[in-house]
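Given the structure is predicted, the values throughout are model-derived calculations rather than measurements. Residue numbering restarts at 1 for every chain, and letters A, B, ... go by the order of the sequence lines. As a basis for the values below, the full set of heavy atoms in this structure was taken, side chains included, without hydrogen atoms, waters or symmetry mates.
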2 protein chains.
Amino acid sequence: MNVRSEDLTARARIRDAAVARFGRDGFRAPVRAIAEDAGVSAGLVIHHFGSKDALRAECDAHVLRVIREEKSSAIAEKSPAETIGMLARVQEYAPLFAYIVRSLMDGGALAAHFVDGLMDDAADYLEAGEAAGTVRGSSDPRGRARQVVAAQVGLIVMAQLDAAAGRGVAPTDDPAKAIDELTSRTMLAGLELYTHGLFTDSRYLDAYRHFQQDKEKS
Amino acid sequence: MNVRSEDLTARARIRDAAVARFGRDGFRAPVRAIAEDAGVSAGLVIHHFGSKDALRAECDAHVLRVIREEKSSAIAEKSPAETIGMLARVQEYAPLFAYIVRSLMDGGALAAHFVDGLMDDAADYLEAGEAAGTVRGSSDPRGRARQVVAAQVGLIVMAQLDAAAGRGVAPTDDPAKAIDELTSRTMLAGLELYTHGLFTDSRYLDAYRHFQQDKEKS
DNA sequence: GCCACGGCTGAACACACGTTTAACGTAGTG
DNA sequence: CACTACGTTAAACGTGTGTTCAGCCGTGGC
């Protein structure tokens with residue numbers, strides 16, 4: 001955690017450099033750039049990992065491992081929003097967050113695992129909320145968890161887009177600042193939405209339920 | 001719209017082939033593949049557009065143009081969900097949708113414009129709903145629109161991730177089917193969320209409001 | 001009929017990468 | 001000391017890919 005890069009074995013230094021590079025520049029970042037960051041030759045990178053793809057797989061595994069450690073170390077009373085916010089806020093984890101965002105937008109395997117984890121967390125958290133009486137019941141808890149996580153994922157992707165269009169900070173550049181911008185811009189609306197809902201009555205919901213029933217009959 | 005590819009000028013054929021290829025395989029698709037799809041040589045692609053990047057810019061412009069036409073031709077009474085659903089359902093527009101999704105995950109400039117458009121639509125739609133009494137008031141209409149669009153964007157991205165992980169259909173492969181899968185899996189939960197909200201009371205919202213007030217004082 | 005021109009092609013070029021290879025140095029071991 | 005093993009490097013290799021080039025072909029104008 002708090003070891004200096006000098007203390008790490010070359011293999012670990014390459015891995016960390018790769019995570020940082022991939023996070024900042026995306027997965028098209030050249031092996032040579034990663035090697036330079038780690039202070040080694042490009043050949044050594046291949047020597048240790050076999051190929052660039054294998055290096056990326058190792059990065060995936062490493063990121064996933066750190067996430068799991070972080071998760072298990074924190075008692076499971078955190079909300080998914082806090083999980084994300086925490087990951088981004090702690091400056092030490094900024095490279096990890098950037099890497100995850102990249103993986104998200106690349107459609108990588110890690111991203112699928114990551115959102116699965118987010119959904120599990122969200123489902124647990126919502127269930128706990130139900131038990132505590134702060135969260136409403138749902139006829140589709142899994143779908144609701146997906147919905148909640150999707151909103152977070154979408155906000156991150158949109159923040160990345162805004163940054164590419166010259167507005168705001170990219171989550172892959174300065175995760176902490178990006179998350180701050182993001183929450184300050186949508187937190188109020190989001191909480192209002194989650195507190196009062198969007199519609200004034202249940203006619204849309206009823207309409208969909210009837211539509212579903214008709215569908216089953218046919 | 002309904003012209004056969006034979007009738008199009010080579011330039012237009014290349015453009016259409018590029019949109020389709022980019023949508024299916026992503027922007028790393030080789031120029032030669034696009035050329036082959038269009039039945040021309042790779043050189044001609046460059047001859048007409050100057051460079052691959054310029055070709056992509058042209059594709060962006062074209063997609064944006066078609067979207068605008070489609071939008072203006074439809075009276076502005078459609079919900080954002082319907083806009084997306086319609087885009088994907090109409091099989092003719094499937095390549096466009098795939099292209100947009102790719103642009104979304106690539107962080108392209110088009111994607112930023114596209115979500116801007118979605119947000120404008122959502123804001124209009126919600127405002128109309130407010131006027132009609134079916135949608136609640138909001139203290140941050142813009143933020144709410146962003147929130148609603150983010151949920152949609154997130155669901156699309158997550159569908160793409162699921163497909164990459166071997167679950168479900170990729171929006172870039174079969175947009176119509178992917179959207180169907182997606183709605184069947186989250187529509188009920190989403191409508192419940194938008195109808196009743198997530199929380200049983202306003203304590204989270206109140207807490208955030210107080211937090212904001214305290215922040216302003218200091 | 002001939003000329004010019006623009007659409008078009010196939011081959012060649014240039015470059016950026018991932019990967020391979022041969023060699024070097026150094027630490028540990030008999 | 002010799003020898004092996006391993007971490008490491010610089011240079012070379014091969015390939016995929018964007019782009020350029022020289023020329024072909026058909027069409028319209030004089």
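- For the pair Phe49(A) CZ and dT20(C) P, the computed distance is 16 Å after rounding to whole Å.
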Please walk me through it: do Glu58(B) and Arg11(B) pass salt bridge (charged side-chain N to carboxylate O under 4.0 Å, His left out)?
CA-CA 11 Å; Glu58(B) 200 97 348; Arg11(B) 195 187 151 90; 2.4 Å; yes

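- Regarding Arg32(B), its CZ atom lies at a distance of 11 Å from the C1' atom of dG10(C), rounded to whole Å.
- Evaluation of the side chain to side chain donor-acceptor pair (under 3.5 Å) test over residues 22-31 of chain A, restricted to residues two or more places apart or in two chains, returns Arg21(A)-Asp25(A).
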Restricting to nitrogen or oxygen on both sides, can you table the protein-nucleotides 8-10 of chain D pairs closer than 3.5 Å?
from   : atom 1 : to       : atom 2 : distance (Å)
dT8(D) : OP2    : His48(A) : NE2    : 3.3
dT9(D) : OP2    : Ser41(A) : N      : 2.8
dT9(D) : OP2    : Ser41(A) : OG     : 3.1

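- In this structure, NZ of Lys52(A) is placed 17 Å from C1' of dT20(C), rounded to the nearest angstrom.
- Regarding Leu55(A), its CG atom lies at a distance of 10 Å from the P atom of dT19(C), rounded to whole Å.
- In this structure, CZ of Arg56(A) is placed 13 Å from P of dG18(C), rounded to the nearest angstrom.
- The CG-C1' distance, from Asp25(B) to dG16(D), rounds to 15 Å in whole Å.
- A donor-acceptor contact shorter than 3.5 Å links the side chain of Glu192(B) to the backbone of Ser139(A).
- For Gln147(B), there are no side chain to side chain donor-acceptor pair (under 3.5 Å) partners two or more places apart in sequence or in a different chain.
- Taking CZ from Phe97(A) and CG from Leu104(A), the interatomic distance works out to 8.5 Å, rounded to the nearest 0.5 Å.
- The side chain to side chain donor-acceptor pair (under 3.5 Å) pairs that include a residue from residues 169-180 of chain B are Arg89(B)-Asp180(B), Gln160(B)-Thr172(B), where partners are two or more places apart or lie in different chains.
- For the pair Ile46(B) CD1 and dA11(C) C1', the interatomic distance rounds to 16 Å; values are reported in whole Å.
- Atom CD of Glu36(B) and atom C1' of dC8(C) are 16 Å apart (whole Å).
- Rounded to 10 degrees, the angle between the two end axes of the helix from dG1(C)-dC30(D) to dG30(C)-dC1(D) is 20°, with five pairs used at each end.
- At a threshold of 4.5 Å between non-hydrogen side-chain atoms, the residues Leu193(A) and Leu193(B) do not count as touching.
- Distance CE/Met158(A) to CD/Gln152(B): 9.5 Å, rounded to 0.5 Å.
- Each ring pair (Phe, Tyr, Trp, His ring centres under 6.0 Å) pair with one or both residues in residues 8-59 of chain A, not counting sequence neighbours, appears once here: Phe22(A)-Phe27(A), Phe27(A)-Tyr99(A).
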